[in-house]
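All remarks here apply to the structure that follows.
Note that ligands are numbered from 1 as they come in the structure, with each ligand's atoms numbered from 1 the same way.
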Amino acid sequence: MLHSRPSSTALNYYSAYYCPVCRHGEIATLPLMEAFSCSFCRHIFTANLDKQAITIVDSQLPLTWYWTGKRWQTIRSVTRFQWGYRFLALAFVILPTLIVAAGAYLFPVLPNSPLAWFPWFWVGLTFFCHLSCLLWLVLEYYQFPLSLYFEALRNNLVSYLFSSSN
Ligand SMILES: [Zn+2]
């Protein structure tokens, strides 16, 4: 549905742009509305053409992106906001893992005991559980359509395999 216009145009209601959320679909104007909708993740955005910005309206936080002519750019306050969250997210994954690893290192089990592998298995499990919690939160926050994404990947792979076999 991408219109055959150069991608380095100003933000307007007649062109389609890549989606700043999923970076996979295209956002285009909804019929009879001054709003954009993504063809892939189905998020809806309102546009401020004077500021060349779009704001997501169906998310918990009203994230805004500016159109530079070629790509989307987040506003600085959002970026600074996200650095704090990135630090917290890193601490959420690393701190519990370090605490459990310190326990396994400082109080080692006897090497010939049947469950000698268990403390380090627990360290790995702690890491992966906290990492999966974090990934789940990120996917929920952006309301990223994971199943649609995998379906699109599968379709791309199938069409690639089909075209290469011919
Ligand atoms: Zn999207």
Check your understanding: Can any side-chain N or O of Arg71 pair as donor or acceptor with the backbone N or O of Thr68 at less than 3.5 Å?
Key -> no
Check your understanding: Under 3.5 Å, is there a donor-acceptor pair between the side chain of Ser15 and the main chain of Asn12?
Key -> no
Practice item. Dump the intermediate steps for side chain to side chain donor-acceptor pair (under 3.5 Å) on Thr126 and Thr97, then the final yes or no. Key: CA-CA 6 Å; Thr126 307; Thr97 309; 6.0 Å; no
Exercise for review: Report the protein N/O/S neighbours of the Zn ion (ligand 1) that fall below 2.8 Å; do not count waters.
Suggested key: Cys19 SG, Cys22 SG, Cys38 SG, Cys41 SG
**Study point:** Inter-residue atom distance Ile99.CD1 - Ile94.CD1, 0.5 Å rounding
**Key:** 12.0 Å
Review point. Does the separation of the ring centres of Phe118 and Trp122 fall below 6.0 angstrom?
Key: yes
Exercise for review: Check whether the ring centres of Trp67 and Tyr17 lie less than 6.0 Å apart, and answer yes or no.
Suggested key: yes
